[in-house]
Amino acid sequence: MKTRDGRYVFGMVKVGEKGQIVIPKEAREICNIKPGDTLVVLADEQFNIALVHGDKMIEMFTKVLSEE
């Protein structure tokens, strides 16, 4: 479900025995996540977690470093 501010809610996923999750198909399609892609796992101490596409992180770091 898309929210008014352009964010999405894809439902809930279960963590398997090995700590793995399945990213819902709609999320993979919207975020252009393909098999073999690298994702960066971010978290804070309040137990919030986020996945960021590795290519997007590289773009962001490149932009930040080029502005110095």
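Going from atom CG of Leu42 over to atom CG of Asn48 covers 11.5 Å, rounded to the nearest 0.5 Å. Between the NZ atom in Lys56 and the CZ atom in Phe61 there is a gap of 14.5 Å [rounded to 0.5 Å]. To the nearest 0.5 Å, atom CE of residue Met57 and atom OG1 of residue Thr62 are 11.0 Å apart. Going from atom CE of Met60 over to atom CG of Leu65 covers 9.5 Å, rounded to the nearest 0.5 Å.
Nearest heavy-atom pair across Ile23 and Leu39 is CD1-CD1, 3.6 Å. The nearest pair of heavy atoms linking Gly54 to Val40 is CA-CG2, 4.2 Å. The two residues Phe10 and Pro24 make their nearest non-hydrogen contact at CB-CG, 4.0 Å. Shortest non-hydrogen contact noted between Asn32 and Lys34 is OD1-NZ, 2.8 Å. Shortest non-hydrogen contact noted between Val15 and Gly19 is CG1-CA, 3.5 Å. Closest approach of Lys63 to Ser66, counting heavy atoms only: O-OG, 2.9 Å.
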Could you walk me through whether Leu51 and Val41 pass side chain to side chain contact (heavy atoms under 4.5 Å, CB included), step by step?
CA-CA 5 Å; Leu51 301 174; Val41 180; 3.7 Å; yes
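Between the side chains of His53 and Asp37, a donor-acceptor pair is found at a separation under 3.5 Å.
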